[in-house]
Amino acid sequence: MEESLLTIKGVGPSRVKQLNKLGITDISSLLTYFPRTYEDRSATYCIGALKQGAVGATEGTVLHIQEKKPRRGLSILEITIGDTTGRLKVVLFNQGYKKNFYKVGQRLHVYGKVEFAYGSLQMNSPHIEMLREGQMAEAGIVPVYPLVEGVSQFVVRQAITNWFASHDSLPELLPAHVSQEQNFMSRYEAFKEMHSPLTVERYEMARKQLAYEELFIMQAGLLLLRAREQDEEGVKMQPSGNLVHDFLEQLPFQLTGDQSKAFQEIATDMESERPMRRLLQGDVGSGKTVVGALALIKVVENGYQGALMAPTEILAQQHYESLQELMKPWLQAVAAEAIGKEETSTIPALKMALLTGSTKTAERQAIYEGLATGAIDIVIGTHALIQEAVQFKKLALVIVDEQHRFGVEQRATLQRKGTNSHMLVMTATPIPRTMTLSIYGDLEVSLIKEMPPGRKPVLTYAVNSTYKERLYVFFEKEMAAGHQVYVVCPLVEESEKLDLVAAEQLYEELAEKYNRKFGVGLVHGRMSASDKEAVMEDFYKGRTKLLVSTTVIEVGVNVPNATIMCVEGAERFGLSQLHQLRGRVGRGNTQSYCILVSDSRSEDSRQRLQVMTETQDGFIVAEQDLLLRGSGQLFGLAQSGLPDLRLANILKDIDLLVAARQDAKRWLGQVGFDKGISQMKPELKRRFGESFQRIIYS
Ligand code: ADP
Ligand code: MG
């Protein structure tokens, strides 16, 4: 399977280079490069025979290309193709930059829904393939692979077809009894079916089988990971005492039921013999920080140190500030000590530090020392915490916030700075519970579902761009009332560069409009981290009132004063992503608004945006999102450092997942840890790489 691509007929060095661009480096990555979709070209019609309302394929020569801009922010590219029987308008929206891709005289194969508009046949956003001189479009059920610039469908199709033509088997992976029980076809057949399905039924069987295999391997990996950790001994904490109790007493609010329960679960874990591995999951604004603070207090009460790691400086800063606020009485004790006053009560002094990339050298040295001697009890920070120089005297708890920003390896590095420290991962990524248990198989889950009392739901509206002037008046009104506004620019899928153009345009427009009265800021993905932080800081401190941004708004940034989240081109975002964006407002006690601007006329987009206007519940949103888009798109999951599933959809295939987990458990019970590791190691490494580092390399 790690055979070179050059062994395939028709694949030479230049083809290899092209395939490499797609991440295909050997036979096994070629075979697992599954089609994005399939086209049924059993019939390619001549244009004259296309039936209105039907989905079909046709071919024609480009006669005419025209870009229209009926209004600001909308571009329509019309490519007219024709054959001897008629003409067809191929219409692309907001892809004006493609106008130079196509040339008059070129032959195109298009596949899409045939419509009739303004007196002519048309296809909106069909799938288009350019045919080279003399090239025939393929027939039958044709795989459509995800591509990047400079690589054509033909290159991938040919490599795959030729590989299958010269091979007739593949090594099996699953334990034989499992394949038998499940009535699986051979792996060779299953892979072949994925790339060139014979029938819909067989394709579905093959997909299920390979999805099952993928889930089985992942679950086996997670079970092995868990088995290894269960052997380790943790730092056993005493039942909560005075400090935890006093801390709870002086909180300005009462914990919600879910918060109390989560802390109870955490406390129980930390009081046991084993290191805690727990995921604290709660929607944005549900109050995870205070639960984390309690865990830190508990560790300090036991005479140990705790660390909290956040993905960005501004988040670390915010955590630092809110923890200082929560722990004020004890920090004052420190201050009293510092000026030589006798401690007046039994309140123990607590020392907390903030360590980030921009911490000044002298201070950094002092913090390193404080951590090494144990003088500092709690440290909040960014990646700066996982640097070599950071040594703890007795680290017992590591909290990682907004986990999907960190890879599994990074959280492990911090954790190794203690001896089997307890670990708490906090995340707002709304993953339905059934799934969490299985995806984060190595973590127990605490869930905060209930919001703190008194939160006003964010009023959410879906509008089209004719509302622009009204929106601008509304922004002005809110800013005049001292509030702040986020405006998120549409996402242009193909290019970050175009994202930037859109963002800059919008920024200029808004800056011109408001800059005299209210500061306007711009933040985008191409800025350096420090520039980004500076812009965010201005907004956080209220120096700018309106922030234009591409999608980089820092996860978890807390600006309670912001009351409007306006998202342009909202149909281009995933629902979970919209939900995350919406979570940036509604954090104070003033009424907040989320405005989703979209000119899409597709029924699907309308439905999706409607989900947003109808529910505030991140779990419902996530579920809908998964159903509509598939699991790979789940916000955050892609960068989570978690295994990347190619075939399984963790929501739709939940039954498969449950079965795979059970089978993997049974299998591991039969073969035992050592044999299990040696059998699964190569496959785990190949598929999931560093996600499973801890078992693969240890
Ligand atoms: P997140 O879960 O998104 O990290 P935070 O921990 O930042 O949420 O909490 C959001 C806000 O809710 C904070 O201002 C916090 O002080 C407040 N909060 C947390 N728990 C409660 C509670 N039980 N009652 C009232 N307010 C709370
Ligand atoms: Mg938070």
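Heads up: numbering here begins at 1 and tracks the sequence. Atoms within each ligand, like the ligands themselves, are counted from 1 in listed order.
In this structure Ser272 satisfies the side chain to side chain donor-acceptor pair (under 3.5 Å) test with no other residue, sequence neighbours excluded. Take Ser260 and apply the side chain to side chain contact (heavy atoms under 4.5 Å, CB included) test, not counting sequence neighbours, and it matches Leu255.
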| Verdict with supporting geometry, Glu265 and Arg278, salt bridge (charged side-chain N to carboxylate O under 4.0 Å, His left out) | CA-CA 9 Å; Glu265 290 166 344; Arg278 190 169 279 277; 3.6 Å; yes

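Between Tyr486 and Phe539, the gap from one ring centroid to the other is short of 6.0 Å.
The 12-atom threshold is exceeded at CD of Glu614, counting heavy atoms of other residues, nucleotides or ligands nearer than 6.0 Å.
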For residues 296-304, please give each side-chain donor-acceptor pair under 3.5 Å, one per line with the distance, not counting sequence neighbours.
residue : atom : partner : partner atom : Å
Lys298  : NZ   : Gln238  : O            : 2.9
Lys298  : NZ   : Ser240  : OG           : 3.0
Lys298  : NZ   : Glu271  : OE2          : 2.7
Glu301  : OE1  : Gly241  : N            : 2.7
Glu301  : OE2  : Gly241  : N            : 3.3
Glu301  : OE2  : Asn242  : N            : 3.4
Glu301  : OE2  : Leu243  : N            : 2.8
Glu301  : OE2  : Val244  : N            : 3.0
Asn302  : OD1  : Gln238  : N            : 2.8
Asn302  : ND2  : Lys298  : O            : 2.8

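For ligand 1, the protein residues placed under 4.0 Å by at least one non-hydrogen atom are Phe253, Gln254, Leu255, Thr256, Gln259, Asp283, Val284, Gly285, Ser286, Gly287, Lys288, Thr289, Pro452, Pro453, Arg455, Arg587.
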